[in-house]
2 protein chains.
Amino acid sequence: MRRPTRDDVARLAGTSTAVVSYVINNGPRPVAPATRQRVLEAIERLGYRPDTVAQAMASQRTNLIGLIVPDARQPYFAELAHAVERAAFARDHLVLLGNSAYDDERQLHYVRAFLGMRVSGLLLIRQGAAEPLVEEVSGSRTRLVLLHHRTDLINTDAVVADDVTMGVLAVEHLLGHGHERVACFDAPAGTPRTGNPVALRTKGWRQALRDAGIDPERGLLHRAPFDRYGAARAARRVLSRPNRPTAIFCTTDDQAIGVLHAARELGLRVPDDLAVASCDDIAEAALHHPSLTTVATDREAMAEAAVDLVLQSRQASTPEIRRFPARLVTRESCGCPPASDL
Amino acid sequence: MRRPTRDDVARLAGTSTAVVSYVINNGPRPVAPATRQRVLEAIERLGYRPDTVAQAMASQRTNLIGLIVPDARQPYFAELAHAVERAAFARDHLVLLGNSAYDDERQLHYVRAFLGMRVSGLLLIRQGAAEPLVEEVSGSRTRLVLLHHRTDLINTDAVVADDVTMGVLAVEHLLGHGHERVACFDAPAGTPRTGNPVALRTKGWRQALRDAGIDPERGLLHRAPFDRYGAARAARRVLSRPNRPTAIFCTTDDQAIGVLHAARELGLRVPDDLAVASCDDIAEAALHHPSLTTVATDREAMAEAAVDLVLQSRQASTPEIRRFPARLVTRESCGCPPASDL
DNA sequence: ACCCGCGTAGACAACGAAGTCACCGCAGCC
DNA sequence: GGCTGCGGTGACTTCGTTGTCTACGCGGGT
């Protein structure tokens, strides 16, 4: 009942253990076809699988990628995590998943645990400040790539979207529908803003208004929670005021869904009484009622780039930041006719 | 720049390596407080972290749980995976996540890869037949627990919901609203049905109709894809027929969301022209428009039970199946007044 | 002086592979 | 017949721990 080892295979195949390793790893020495065949047959008969732990021990490498997200239940992160898993699978790596739950300590716990596992790469949608994380990782040979959040000033790679443009595209489109009071739902108060994609999207909102000759006045900028219920609560407040906006730009689809819910409760029709546009293009955006106008990014491509970066054993000379373009997807919530998505 | 080892700690603390291990593992031998203190300080100063790989190598145990789901993007699985991660975290274990993508081979690949990693437990929302998986795992000391799907006849543990009752609750409620033509959206054709929760929910539909003296006629049972777009396509066909149902029971919320979308396209008002109820109670169900009446299960509790089962080193005498109760959540889609969910 | 036992020291064998190295047998070649 | 190169051998080290085993110092009881 003992799990077969390399020695068992060698014995059955009538070869030495070294040859078994050569066959498995295709090298570093050539093996004659006949011998290789005998070894493969022995492996097959014993149902031998090399022990990954022992391999990691000996080779000082693992086939593990650590991925830390704030909350894998949220569609955006779930889709990103899925894309990372696909990319890792294609490169014969496994994914260790941790949820930071928007908690700095928990995030640090996972970083340490993953380093302890000797992951060959660490992918992180960071929470809080970046410095402690980078410091924790420096000194290990493990590579760290930040996903989603940019980090200038910090010596680590990142894969991000062109967040400013995302805001600009969405807001320009709302302006194109004739709106002038376009509010913005930004990140909740207290969120660190350096390199934060949400802060950049808000910057895009500001920029688009200015370019249209409109003053991005303070009364239009709202700090709202990221979760749907929190966003709905915030929206109820904003929409109940006398001088309510005629359009809202949300920095995430999740917020937008909360806003739509609040609008419905208040008897406001979307898009007639209130237009909404947001960012991310999660799967739900297309099937929501009304469907969401949003700015999409190519998550698959971003995840692949991140995995490639993290597995690439290049010397870290200067941090590499890969930025991906954004694309507006018009649907009902802004006032465009519903596309036949199906 | 080399990562510090236990030897470095022992040298700095002026003790032997054994004592360092005793301190870290709290045993098996006692350590005098003063010595313990010196060791802890040395660990602190060096920033020493035990190498998890080496620990696994020597102790023949890992702190890894392998979790395989069909598609972690789908809200139901995402929520389940999140709950598993939480439970694992609380028990100081890490989660390896794999998506089987509804593909038998890929699922098997992950089972093998995770066994190769010597995970201490394997949690599986299975895809396809259970036998090959159980066979693959038997022989290793790893425990396998099936989540979501029941498997009688097979020698392995499982954590499931009371799926038949889920169907009964939803359908009885629809009948209570006065509907008589209650259709059922079942799994797509070709899905294995033994122990499949969806098949059991359909059984609940049949049972509820019979109990109400209604014939669950063939024309009311529809095989529909699980994804939203596929379900929407199926719904368009069903709802365009002359003798269309006045209510639809969907075995998953995802299907229901597709049905709602199709109804809207066809100009049918929900719940007036068509009532809908489903199962799962994903987060989205509450904020959809109209909000979804659905049958909920306690995913947190199920995930915890699954993790406990998989980590429990009990001798597998007879497979343990833990079944969790279901609870109807009434919202708009069935005709009930909208609850103030927030 | 002798024994006892606690707390620790120090050594060492696992664990299962990777990788290295010296060496060997054999076929083909000039 | 000696040389070369290929394919293979078998033993050994390494990786960083765990866990076990023997030995030792030292204080207290007899």
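What you see below is based on every heavy atom in this structure, not just the backbone, and it leaves out hydrogens, waters and symmetry mates. So that the names make sense, note that chain A is the first sequence line, chain B the second, and so on, each numbered from 1.
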Pairwise 5' ranking along DNA chain C for B:T15 and A:T5, keeping only the more 5' one: B:T15
Any side-chain heavy-atom pair of A:M117 and B:M117 under 4.5 Å: yes
Distance, rounded to the nearest Å, where A:R3 contributes CZ and C:dG16 contributes C1': 9 Å
Donor on one side chain, acceptor on other, B:R106 and B:Q127, under 3.5 Å: no
Phosphate OP1/OP2 of D:dG10: any A:S16 side-chain N/O under 4.0 Å: no
Whole-Å gap separating C1' (D:dG10) and CZ (A:R11): 14 Å
Side-chain (B:T17) to main-chain (B:A10) donor-acceptor, under 3.5 angstrom: no
Give each protein N/O atom lying under 3.5 Å from an N/O atom of nucleotides 21-23 of chain C, with the pair distance.
| residue | atom | partner | partner atom | Å |
| --- | --- | --- | --- | --- |
| C:dA22 | N6 | A:R29 | NH2 | 3.3 |

Rounded distance in Å - CG (B:D51) to P (D:dC15): 12 Å
Whole angstrom value for the distance that separates P of C:dG19 from CZ of A:R61: 6 Å
Sugar-phosphate only, base, or nothing, as touched by A:V31 at under 4.0 Å among non-hydrogen atoms: sugar-phosphate
Sugar-phosphate only, base, or nothing, as touched by A:G116 at under 4.0 Å among non-hydrogen atoms: nothing
Distance in angstrom units between B:R141 CZ and C:dC15 C1', rounded: 12 Å
Options C:dA17, D:dG7, D:dT17, nucleotide nearest the side-chain atoms of A:Q55: C:dA17
d(CE, B:M57; C1', C:dG16) in whole Å: 4 Å
Salt-bridge contact A:R6-A:D51 (side-chain N to carboxylate O under 4.0 Å): no
Among A:L123, A:L67, A:L147, side-chain contact (heavy atoms from CB on, under 4.5 Å) partner for A:V310: A:L123
A:Q60 and A:R118 side chains, donor-acceptor separation under 3.5 Å: yes
Protein-nucleotide distance (B:Q60, atom CD; D:dG19, atom P), rounded to Å: 11 Å
Rounded distance (Å) that lies between atom C1' of C:dC15 and atom CZ of A:R6: 13 Å
Under 3.5 Å donor-acceptor, B:R38 side chain and B:A13 backbone: yes
Position toward the 5' end of DNA chain D (nearest nucleotide), A:A34 or A:T17: A:A34
